[in-house]
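The basis for the numbers below is simple: all heavy atoms, side chains too, and nothing from hydrogens, waters or symmetry mates.
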Amino acid sequence: MKIFFYKIKYLFFILFFFSHHKINAQDYFLRNISNQENQIVIESNNQRSDSNNSIFYVEGDVFITNKNKDFIAKSNKAIIYKITGKIKLIGNVEIITSDSNKVRAAEIIYSLKEKKFEAISDLNQRVKTTIVINENNINNYSKEK
């Protein structure tokens, strides 16, 4: 009988201890993830994930941007490789950067970490790039040197 009461005391102690110490793994995970630089927002008609390979598939009127709005990407389809931080945009792709530069192509591979892209044409669509040259930035750059 004494062993039984010991076990009950021990159980109440554990319950008391954990009831007063809040441990929430999800909150900790979300706090850490919100500090990531390369967090992106994805809108589309269909989305699915391959968790085993850390690949995210997106289809239908795809719209992608990051938290800082450094770029806006539009396409028919996209494949997001979470491990490498690359986005492969497929079909009628258009990327608009924060400084108003535009790239249109059949396919674009965008690297989130390096903030670089590779545009690829196909038989139906050539790569078209529009670069906005801001004279204020040129003057500031030349004054610094």
Side-chain angles (χ1 to χ4, degrees), residues 6-145:
Y6 262 135
K7 287 182 180 179
I8 290 189
K9 276 181 163 178
Y10 183 70
L11 179 65
F12 279 125
F13 174 75
I14 290 174
L15 289 174
F16 176 78
F17 179 77
F18 283 115
S19 68
H20 291 308
H21 289 84
K22 199 172 192 180
I23 299 173
N24 196 342
Q26 286 180 333
D27 286 346
Y28 178 76
F29 177 72
L30 290 174
R31 259 187 272 132
N32 284 342
I33 216 168
S34 65
N35 292 332
Q36 292 181 353
E37 296 175 19
N38 297 324
Q39 192 174 31
I40 59 174
V41 178
I42 306 163
E43 294 180 33
S44 70
N45 294 339
N46 301 310
Q47 300 180 7
R48 63 186 168 87
S49 178
D50 178 357
S51 298
N52 294 333
N53 297 315
S54 293
I55 299 174
F56 199 72
Y57 300 95
V58 186
E59 294 180 351
D61 294 325
V62 177
F63 179 84
I64 300 174
T65 188
N66 68 348
K67 280 286 204 184
N68 300 332
K69 305 243 190 243
D70 292 328
F71 71 93
I72 296 171
K74 300 175 186 178
S75 68
N76 295 339
K77 296 180 183 180
I79 303 171
I80 298 147
Y81 303 94
K82 292 188 263 184
I83 292 174
T84 60
K86 293 192 177 183
I87 302 172
K88 184 176 187 178
L89 299 149
I90 304 164
N92 296 319
V93 182
E94 179 179 41
I95 292 182
I96 303 169
T97 63
S98 60
D99 51 358
S100 300
N101 295 325
K102 292 182 187 180
V103 179
R104 290 184 181 175
E107 185 176 304
I108 293 179
I109 300 171
Y110 188 85
S111 174
L112 290 166
K113 293 176 185 175
E114 299 169 0
K115 295 185 181 180
K116 295 181 181 178
F117 66 87
E118 176 185 356
I120 303 162
S121 67
D122 67 4
L123 296 175
N124 299 324
Q125 187 176 11
R126 296 180 61 189
V127 175
K128 180 181 178 184
T129 304
T130 305
I131 299 174
V132 176
I133 299 172
N134 187 343
E135 291 182 22
N136 292 334
N137 289 343
I138 293 172
N139 291 336
N140 290 338
Y141 179 74
S142 62
K143 288 178 185 176
E144 290 174 2
K145 285 191 167 190

S.K.: Take T65 and E43 through the test side chain to side chain contact (heavy atoms under 4.5 Å, CB included) and record every step on the way to the result.
M.R.: CA-CA 9 Å; T65 188; E43 294 180 33; over 6 Å; no
S.K.: List in chain and number order the residues that pass salt bridge (charged side-chain N to carboxylate O under 4.0 Å, His left out) with E94, two or more places apart in sequence or in another chain; answer none if no residue qualifies.
M.R.: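 By the salt bridge (charged side-chain N to carboxylate O under 4.0 Å, His left out) rule, E94 matches R104.
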S.K.: Minimum heavy-atom separation for I64 and A78, please, with both atom names.
M.R.: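 Between these two residues, the closest heavy atoms are CD1-CB, 4.0 Å.
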S.K.: Check side chain to side chain donor-acceptor pair (under 3.5 Å) between Q47 and all other residues, then give those that pass, not counting sequence neighbours.
M.R.: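 Residues passing side chain to side chain donor-acceptor pair (under 3.5 Å) with Q47: S44.
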S.K.: Quick check for you: to the nearest 0.5 Å, what is the distance between R126 atom CZ and S121 atom OG?
M.R.: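 Going from CZ on R126 over to OG on S121, the span is 7.5 Å.
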S.K.: Could you report the tightest heavy-atom contact between S100 and V132, atom names first, then the distance?
M.R.: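 Heavy atoms only, the tightest pair is O-CG2, 3.3 Å.
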S.K.: Residues in ring-ring contact (aromatic ring centres under 6.0 Å, His included) with F56, at least two apart?
M.R.: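 None.
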S.K.: What I want to check is whether the side chains of N124 and D122 have a donor and an acceptor closer together than 3.5 Å.
M.R.: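 Distance-only check fails for N124 and D122.
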S.K.: Which of these passes side-chain contact (heavy atoms from CB on, under 4.5 Å) with I80: L112, I55, I40?
M.R.: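 Exactly one option meets the side-chain contact (heavy atoms from CB on, under 4.5 Å) with I80, and it is I40.
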S.K.: To the closest 0.5 Å, what do you measure between CD1 (I95) and NZ (K102)?
M.R.: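 Here the interatomic distance stands at 13.0 Å.
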S.K.: What pairs meet the side chain to side chain donor-acceptor pair (under 3.5 Å) rule with one or both residues in residues 52-61, with sequence neighbours excluded?
M.R.: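 Applying side chain to side chain donor-acceptor pair (under 3.5 Å) to every pair that reaches into residues 52-61, excluding sequence neighbours, yields D50-N53.
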S.K.: Please report the closest heavy-atom contact between V93 and A106, naming both atoms and the distance.
M.R.: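 Smallest heavy-atom distance, with atoms named: CG2-O, 3.6 Å.
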S.K.: If you measure from CZ on F117 to OG1 on T129, what distance do you get to the nearest 0.5 Å?
M.R.: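 Taking CZ in F117 and OG1 in T129, the distance rounds to 5.5 Å.
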S.K.: CD1/I133 to CG/N101 distance, rounded to the nearest 0.5 angstrom?
M.R.: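 Output value for this atom pair is 9.0 Å.
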S.K.: Rounded to the nearest 0.5 Å, how far does NZ of K69 lie from CD1 of I96?
M.R.: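 If I round to the nearest 0.5 Å, the distance is 12.5 Å.
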S.K.: Determine which pairs satisfy side chain to side chain donor-acceptor pair (under 3.5 Å) with at least one residue from residues 73-87, sequence neighbours left out, and list them in order.
M.R.: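 For residues 73-87, and leaving out neighbouring residues, there are no side chain to side chain donor-acceptor pair (under 3.5 Å) pairs at all.
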S.K.: Please identify each residue that fulfils side chain to side chain donor-acceptor pair (under 3.5 Å) with D70, with sequence neighbours left out.
M.R.: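 Expected list: N66, K115.
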